[in-house]
Structure formats: C-alpha cells, structure tokens
Protein chains: 2
Amino acid sequence: MGEMTIAEVSKKYNVTPDTIRYYEKIGLLPTIPRTKNGIRNFDEQSCRWLEFIKCMRSAGMEIEILMQYISLYRKGKSTVNERKKLLEGQREKLLEKQKNINQTIERLNYKIELYEEITSGKRKDFTEEIF
Amino acid sequence: MGEMTIAEVSKKYNVTPDTIRYYEKIGLLPTIPRTKNGIRNFDEQSCRWLEFIKCMRSAGMEIEILMQYISLYRKGKSTVNERKKLLEGQREKLLEKQKNINQTIERLNYKIELYEEITSGKRKDFTEEIF
DNA sequence: TATTGACTTAGAGCTAACTCTAAGTGATAT
DNA sequence: ATATCACTTAGAGTTAGCTCTAAGTCAATA
C-alpha cells in the first residue's frame with residue numbers, strides 16, 4: 001500500500017482528479033511523488049494531507065488559510081507556535097459559523113412547526129404575516 | 001417607525017446598500033415602498049424579510065433557494081405545504097453542514113492540544129509526522 | 001500494429017454572490 | 001444660487017474555488 005493513482009485517491013476521498021491537480025498546482029498539497037513516466041503516485045503522507053484539506057474545506061476553511069498553514073509546516077519545527085495560533089484563529093471562525101448555523105436551524109424548526117400546525121388545521125389564525 | 005432609508009436599514013442589519021439593492025433587483029425582497037422621489041422607504045415587512053434573508057444567508061443558504069421560497073410565498077396560501085417541504089430540505093442541508101463543522105472543530109481541538117503539548121515541552125516525541 | 005483508456009499539461013471558462021463605477025436626480029445647508 | 005450629499009440606475013468588474021478543454025504521452029490489449 002501507499003502507492004495510488006489519482007483516480008484511486010479521487011475515489012477514496014471523493015475529490016475529483018481536477019480538484020486534486022488544482023490543489024497541487026497552487027501548492028496546497030506537498031509535492032506528490034511521480035512514477036518514471038511522470039504519473040502521480042500518492043504515498044501515505046500525500047493522502048493524509050489531502051484528507052486533512054478535505055476535512056477543513058468541508059467546514060468552509062479558506063484555501064488561502066490552508067496555504068499559509070502548509071507554508072508554515074514546510075518551514076519546520078520553528079513554526080509550531082505560529083501554526084497553533086493560526087489554528088486557534090480558524091477555530092474561532094468555525095465556532096462563529098457553528099453559532100449561525102445552530103440559530104438558523106432553530107429558526108427553521110420553528111417555522112416548520114408553524115407550517116405543520118397550519119396544514120394540520122391546528123392553527124386557524126393563519127395570515128400572510130407568516131412567511 | 002416603519003419608515004427607513006436604505007442607509008438606516010443597512011446600518012441596522014449590517015448589510016451594505018449595494019447588497020440590499022441587489023437583493024431587490026433579483027426579486028429576493030418584496031417590492032420595497034418608495035417615496036414620491038423614488039427613494040426606498042422601508043416598512044416593517046420589508047425589514048422583516050431582509051432580516052430573514054440575512055439570517056438564512058449567514059448559514060450559507062443559497063440565494064436561488066431563497067428566491068424559490070419567496071416565489072412560493074407570493075403565490076399565497078396554497079403553497080404552504082411546498083414551502084414547508086422546501087424548508088425541511090434546507091434544514092437537512094444545514095444539519096449536514098453542522099455535522100461537518102462540529103467534526104472539524106473537534107479535529108482542530110485535538111491538533112491545538114497536540115501543539116500545546118509540544119510547545120509546553122510535555123510531549124518530547126515531536127516529529128514532522130505531526131502537521 | 002492499431003486502438004483504447006488513463007494519465008499529463010497549460011490555460012480558458014464557469015458560478016455564486018456580491019461590489020464597484022459612472023452618470024444622474026433632487027432635497028437641504030451656506 | 002450653489003454646493004453638498006444621499007440617493008438613484010444600468011451594467012461592468014471582482015473573488016473564490018473549482019471545472020472543463022484541447023492537445024499530447026504512454027502502457028496495455030485486440
């Protein structure tokens with residue numbers, strides 16, 4: 001194991017080959033090993049990075065930020081503290097996002113409940129004030 | 001009350017005038033009342049819509065979907081059930097998003113904790129496997 | 001040997017959601 | 001009266017993050 005083509009990695013992590021190549025091109029992935037014919041030959045490390053990026057992206061973290069993080073990682077151990085600060089900043093952002101989503105879900109719950117009462121006939125005072 | 005200029009509404013809901021005009025242009029807001037000079041004169045209802053849209057957008061709900069919802073609303077009471085279904089579908093999407101964000105926050109917590117242990121000297125086995 | 005099919009590249013094109021520009025109007029302050 | 005200032009419009013421009021196209025290489029199969 002630890003030798004995969006772009007198609008296999010694409011399938012495994014559900015990220016299109018185009019997106020993977022795009023990530024590599026902009027420096028979001030460390031240099032991926034190649035076969036003698038120049039074909040990408042993903043190792044363990046490359047896969048782990050991709051999986052990490054996928055997870056962060058799924059929460060909406062910006063590519064720009066991930067690039068900064070990888071840039072720090074490339075500079076080695078001296079950047080550990082900066083990396084930690086970067087992640088803390090991003091965690092703050094996600095907590096904010098989490099709050100917004102939770103609020104919006106609550107609001108949807110309320111509205112759906114209202115509509116439920118209307119359609120079930122439980123609530124008769126329906127006016128178009130309710131939207 | 002119930003008579004506000006675009007500048008006041010913009011300030012109150014923290015949405016730029018440009019964005020508000022854009023929303024109106026694409027039909028995302030009901031027709032906003034105007035003064036005799038053609039200047040927008042926001043009433044209660046317009047404000048409530050804007051606030052609703054802002055809340056939904058803050059959770060990432062697509063404008064296209066919000067337009068569908070408003071289109072149903074405009075058709076009147078007969079669309080109540082469709083509106084409910086639309087909102088239920090969107091709630092599903094938000095629950096998925098919520099899951100992703102929660103997972104990512106957990107992962108960040110773990111990584112930040114790890115970095116904390118490294119910088120505090122508690123953890124000596126630091127290798128660049130940890131990224 | 002010819003074709004198939006997965007891979008390669010550079011670079012153009014796309015979508016969502018704004019954001020800005022330029023030119024104009026009309027009420028108010030000096 | 002003149003200048004200022006918030007408002008108006010249509011439409012162009014921007015940004016992030018892909019996504020697609022065209023042209024080409026190479027190994028394996030019919």
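Protein chains get the first letters and strands the later ones, always in sequence-line order, with residue 1 at the start of each.
Between A:Arg21 and C:dT8 there is a side-chain N or O to OP1 or OP2 distance below 4.0 Å. The side chain of B:Arg34 places no N or O atom within less than 4.0 Å of a non-bridging phosphate oxygen (OP1 or OP2) of C:dG26. Neither OP1 nor OP2 of D:dG17 sits under 4.0 Å from any side-chain N or O of A:Thr19. Checking the phosphate oxygens (OP1, OP2) of D:dT8, a side-chain nitrogen or oxygen of B:Arg40 falls inside 4.0 Å.
Taking atom CZ on A:Phe42 and atom P on C:dC7, their separation rounds to 10 Å, with Å as the unit. In this structure, A:Glu24 atom CD and D:dG17 atom P are separated by 19 Å, rounded to whole Å. Atom pair A:Ile20:CD1 and C:dA6:C1' shows a separation of 14 Å (rounding to whole Å applied). Counting to the nearest Å, the C1' atom of C:dA16 and the CE atom of B:Met67 are 12 Å from each other. Spacing between atom CE of B:Met56 and atom P of C:dA17 amounts to 15 Å, rounded to whole angstrom units. Between B:Leu66 atom CG and C:dA17 atom C1' the separation is 12 Å, expressed in whole Å. Rounded to an integer number of Å, the gap from A:Lys25 NZ to D:dT19 P is 14 Å. A straight line from CD1 of B:Ile65 to C1' of C:dA16 spans 13 Å, rounded to a whole angstrom.
Which of C:dA27, C:dA17, C:dA10 sits closest to the side chain of B:Glu62 comes down to C:dA17. Listed nucleotides: D:dC18, C:dA17, D:dC20. Nearest to the side chain of B:Arg57: C:dA17. When each of C:dC20, C:dT8, C:dG11 is scored by its nearest atom to the side-chain atoms of A:Ile6, the top-ranked nucleotide is C:dT8. Closest to the side chain of A:Ile39, from the set D:dT19, C:dC7, D:dG11, is C:dC7.
A salt bridge is absent between B:Lys75 and B:Glu82: the closest approach of a Lys/Arg side-chain nitrogen to an acidic carboxylate oxygen does not fall below 4.0 angstrom.
Nearest-nucleotide positions on DNA chain C for B:Glu64 and B:Asp18 put B:Glu64 closer to the 5' end. Residue A:Tyr23 is the one, among A:Asn37 and A:Tyr23, whose nearest nucleotide of DNA chain D lies closer to the 5' end (criterion: closest heavy atom).
Shown are B:Glu51, B:Glu44, B:Gln45; of these, the side chain to side chain donor-acceptor pair (under 3.5 Å) with B:Arg48 is made only by B:Gln45. When each of B:Glu116, B:Glu113, B:Glu117 is checked for a salt bridge (charged side-chain N to carboxylate O under 4.0 Å, His left out) with A:Lys84, only B:Glu116 meets the rule.
Residue-level contact check: B:Thr16 touches neither bases nor backbone, having no heavy atom under 4.0 Å from any strand. Within the nucleic acid shown, B:Lys36 has no heavy atom closer than 4.0 Å to any nucleic acid atom.
Checked by atom type and distance alone, the side chain of A:Lys111 never pairs as donor or acceptor with a backbone atom of B:Leu87 at under 3.5 Å.
The aromatic rings of B:Tyr69 and B:Phe52 sit tilted, their planes meeting at an angle between 30° and 60°.
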